Number of protein chains: 2
Amino acid sequence: MKKILIIEDDPAILIGLESALEEYELISSTEGADGLIKALDNSIDLIILDIMLPIMNGFDICKELRKKGLHTPIIMLTSKKEEADKVFGFETGADDYVTKPFSINELKMRIKALLRRAEMQTTSNDSDSYKFSNIIVEYKKLDAFRSGIALGLSAKEFQILKYFVEHESEVISRDKLLDDIWGYDNYPTTRTVDNYILSLRKKIEIDSSNPRHILTVHTVGYKFVK
Amino acid sequence: MKKILIIEDDPAILIGLESALEEYELISSTEGADGLIKALDNSIDLIILDIMLPIMNGFDICKELRKKGLHTPIIMLTSKKEEADKVFGFETGADDYVTKPFSINELKMRIKALLRRAEMQTTSNDSDSYKFSNIIVEYKKLDAFRSGIALGLSAKEFQILKYFVEHESEVISRDKLLDDIWGYDNYPTTRTVDNYILSLRKKIEIDSSNPRHILTVHTVGYKFVK
DNA sequence: AAAATCATGACAAAATCGTGACAACTCCGA
DNA sequence: TCGGAGTTGTCACGATTTTGTCATGATTTT
C-alpha cells in the first residue's frame, strides 16, 4: 500500500482528504517543521502539501526537501491559481498542484499519475537478461550464452558475473566481492577471487589473457565494462 | 535541447504551440499512425497528444505506446473536462492533461514539471562525478574520461587527481600531498610527487608540457584549476 | 563412487612504485 | 641583462607489490 504524507493545517480539509484517500496509507502533519521531518524520515511515496501553513510555508518546505535530495513526488494545494503559478515553476520542485476548492476526483487522478510515474522508475529495469558484446546473461537460466551456446558457468561464477553486470564500470574490490558474494560467515582469501576471475575470463572473454570486459584495476580490484 | 513531439491535427493549435514552445526542439505530426511511429523512433523527451484525431485517436496511441514499453511523459490535450477524466485514469498511461482552451503558461509549467521529473531518473545516479573542461572524473569507476574514453589512471594517480579537484584552485605543497595521500607511515621523497604530476599531466592535459589544469606554483607546490 | 565445484598455496608474470640523475626552467641579485 | 642557485620536468632503472596461472586437495553434488 502506497504511503502518502499530507501536510495541511486546516482540519476540515485534512478530514476530507483522509476519508477520500482511504485506499492509501496516510500520514499527516499539521505543521511545517514536523512535516519536513516526517517527509525525510519515512518511506513516503507521495506528499500532499498545502502552501498556506503557519510558521513554515509549503513553498519553503518544498524547496528544502529538494535541496536535501528528496525525489518524492509533491502535489501542492493552493487557494489561488496565481499562487499555483508561482510555486509550480521549475525552481520550486513541486510536481503538480490543485486549486482549492478542488475536485477530489481530479486530485485522485493526479496522485495516481504521479505514483505510476514514480513506480516506473523503480520497476522498469526488471528484465531477466543482460546483453553485452555478443553475450547474453540469462538470470533465470543461471548461465550466460555466446551467440546461443551456453558458456556453462558454475553457480559462483554466475553470481559473480551477475554482480559485475549489476555494477557496470564500477570498481569492485576483492573484499567487497567477498562480502557481497560469499557473505560474512565463510571468508576465503583474496586469492580465491583472482581464481574466479580467471575462470570467468576463460569463459566470457574471447582472449582471456587480454580481457575486454573484466578488467583489473591494480591495487584496487576489478571492474566490468560492456 | 529537449525534444517534444506534438501530435495534433488542428493547424491553428499546432501553430500556436510551435510559437509558444520555441525553447524546445519540436517535432510534429498531424496524424495518429505517423505520430506513433515518430514517438517510437526518435529520442523524444515528451509527447503532447491531442485526443481527437482522425483515424487513430489519442487514447489508443497512448495505450499503444505504453504497451510497447515507452516511458516518455505524455500530456493530453482535451476539449472537455469529462473527456480528460476518462483518459487520464491509471490504465491509459497519460501523465497529465490540459483542457482546451488551455493557458499556454500552464501547459509550459506542466511540461517543465514532467521533464524535470524525467530528468531526475537519468541524472540522479551520477552524483559522484566531477567535470572540468572536457574531462569527467568518475569516483566509482576510479578513472577519468575525456569525451567518453577512459584515460586509464592508476590508483595513485586517481587519488591525486581526486585530491586536486576537491581542493580546486588551492595551492598544495608537496609535503601536504605526501601527508594526505601517502600518509605518515611511508614517506617518499618530494621527487616522487613530481613524477606523479608528470604522469597525471600526460594523461589529462592536452599538451602536457604546457599544462592548463595542473599548474606548478614555483617554490610552493601545485594547484589545480578547472 | 564419480564428477563437478570450490578454496588454497606456490610461483611466474606484470604493473606500479619510488629513486636518482640530469636537463630545463625560474627567480633574484649583481 | 646575465649568471647562478635553487626548483621543477623528465627519463630510465630496479625494487616492491600485486596479479595471473596452475596444480592440488577438500568439499559438495550427482
Side-chain angles (χ1 to χ4, degrees), chain A residues 142-144 150-164 171-179 181-224, chain B residues 142-143 150-161 163-164 171-179 181-224:
Chain A
L142 298 178
D143 204 351
L151 299 180
L153 301 183
S154 79
K156 197 129 281 180
E157 286 165 357
F158 178 81
Q159 271 187 82
I160 294 169
L161 178 58
K162 186 182 173 200
Y163 188 89
F164 272 118
V171 177
I172 314 290
S173 72
R174 291 176 180 71
D175 283 333
K176 179 107 181 90
L177 211 58
L178 288 169
D179 286 352
I181 301 287
W182 276 263
Y184 294 95
D185 42 346
N186 63 335
Y187 210 90
T189 65
T190 56
R191 217 90 296 280
T192 301
V193 175
D194 294 346
N195 280 285
Y196 275 97
I197 296 295
L198 176 65
S199 54
L200 255 182
R201 279 175 174 163
K202 280 186 179 165
K203 287 175 181 171
I204 74 163
E205 300 282 3
I206 292 170
D207 175 8
S208 73
S209 61
N210 191 23
R212 292 170 50 85
H213 296 112
I214 300 180
L215 308 181
T216 117
V217 182
H218 205 264
T219 73
V220 189
Y222 296 95
K223 87 170 137 181
F224 169 83
Chain B
L142 247 57
D143 206 348
L151 299 181
L153 302 183
S154 81
K156 195 130 282 177
E157 286 165 358
F158 180 83
Q159 269 187 85
I160 294 169
L161 178 58
Y163 188 89
F164 272 119
V171 179
I172 312 292
S173 72
R174 291 176 180 69
D175 283 334
K176 179 106 180 93
L177 210 57
L178 288 169
D179 286 352
I181 301 286
W182 276 263
Y184 295 95
D185 40 348
N186 62 335
Y187 211 90
T189 64
T190 56
R191 214 91 298 279
T192 302
V193 175
D194 294 346
N195 277 288
Y196 276 97
I197 297 295
L198 174 65
S199 55
L200 254 183
R201 279 175 174 163
K202 279 187 180 165
K203 287 175 181 172
I204 74 164
E205 300 282 4
I206 292 171
D207 176 8
S208 72
S209 60
N210 190 24
R212 293 169 50 85
H213 295 113
I214 300 180
L215 309 180
T216 114
V217 182
H218 204 263
T219 73
V220 189
Y222 297 96
K223 88 169 144 181
F224 168 84

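Computed from a predicted model, the values in this text were never measured in an experiment. Just so you know, these numbers use all the heavy atoms, side chains as well, and skip hydrogens, waters and symmetry mates.
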Starting from [atom2] on [N], measure out to [atom1] on [X] and report it in whole angstrom.
{"X": "A:Asn195", "N": "D:dT18", "atom1": "CG", "atom2": "P", "result": "18 Å"}
{"X": "B:Asn210", "N": "C:dC25", "atom1": "CG", "atom2": "P", "result": "12 Å"}
{"X": "A:Phe158", "N": "C:dC6", "atom1": "CZ", "atom2": "P", "result": "13 Å"}
{"X": "B:Glu157", "N": "C:dT16", "atom1": "CD", "atom2": "P", "result": "8 Å"}
{"X": "A:Ile197", "N": "C:dA14", "atom1": "CD1", "atom2": "P", "result": "19 Å"}
{"X": "B:Leu177", "N": "C:dG18", "atom1": "CG", "atom2": "C1'", "result": "15 Å"}
{"X": "B:Arg191", "N": "C:dA24", "atom1": "CZ", "atom2": "P", "result": "16 Å"}
{"X": "B:Asp207", "N": "D:dG9", "atom1": "CG", "atom2": "P", "result": "14 Å"}

Name the orientation class of the two ring planes belonging to A:Phe164 and A:Tyr222 (parallel below 30°, tilted from 30 to 60°, perpendicular beyond 60°).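 It falls in the perpendicular class, over 60°.
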If only side-chain N and O atoms of [X] are considered, is one of them under 4.0 Å from the OP1 or OP2 phosphate oxygen of [N]?
{"X": "B:Thr189", "N": "C:dT19", "answer": "yes"}
{"X": "B:Thr219", "N": "D:dG6", "answer": "no"}
{"X": "B:Lys202", "N": "D:dC11", "answer": "yes"}
{"X": "B:Trp182", "N": "C:dC17", "answer": "no"}
{"X": "A:Tyr196", "N": "D:dG20", "answer": "no"}

Going by the side-chain hydrogen bond (donor to acceptor under 3.5 Å, both in side chains) test, name the single residue among B:Thr190, B:Thr189, B:Asp194, B:Thr192 that passes it with B:Arg174.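 The single option meeting the side-chain hydrogen bond (donor to acceptor under 3.5 Å, both in side chains) with B:Arg174 is B:Asp194.
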Can you tell me which nucleotide in [options] comes closest to the side chain of [X]?
{"X": "B:Leu198", "options": "D:dC11, D:dG6, D:dG20", "answer": "D:dC11"}
{"X": "A:Lys156", "options": "D:dT19, C:dA7, C:dT19", "answer": "C:dA7"}
{"X": "A:His218", "options": "D:dG6, C:dT16, D:dG9", "answer": "C:dT16"}

Mark yes or no for a side-chain to base donor-acceptor pair under 3.5 Å between B:Asp194 and C:dG18, with no hydrogen or angle criteria applied.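 Absent.
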Under 4.0 Å, counting only non-hydrogen atoms across every strand here, what does A:Val193 touch: a base, just sugar-phosphate, or nothing?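 A:Val193: no heavy atom of the nucleic acid under 4.0 Å.
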Assign A:Thr192 to base, sugar-phosphate, or nothing according to its heavy-atom contacts below 4.0 angstrom with the strands shown.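 The answer is base, as A:Thr192 lies within the cut-off (heavy atoms under 4.0 Å) of a base atom.
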Please answer whether the main-chain N or O of A:Gly152 pairs with a side-chain N or O of A:Asp143 as donor and acceptor at a distance below 3.5 Å.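 Flag set: sc A:Asp143 to bb A:Gly152 pair under 3.5 Å.
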Please lay out, stage by stage, how B:Ile214 and B:Glu205 fare under the test side-chain contact (heavy atoms from CB on, under 4.5 Å). CA-CA 8 Å; B:Ile214 300 180; B:Glu205 300 282 4; 4.1 Å; yes
Where do B:Ser154 and B:Glu157 come nearest, in terms of heavy atoms and distance?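 Result for this residue pair: N-OE1, 2.8 Å.
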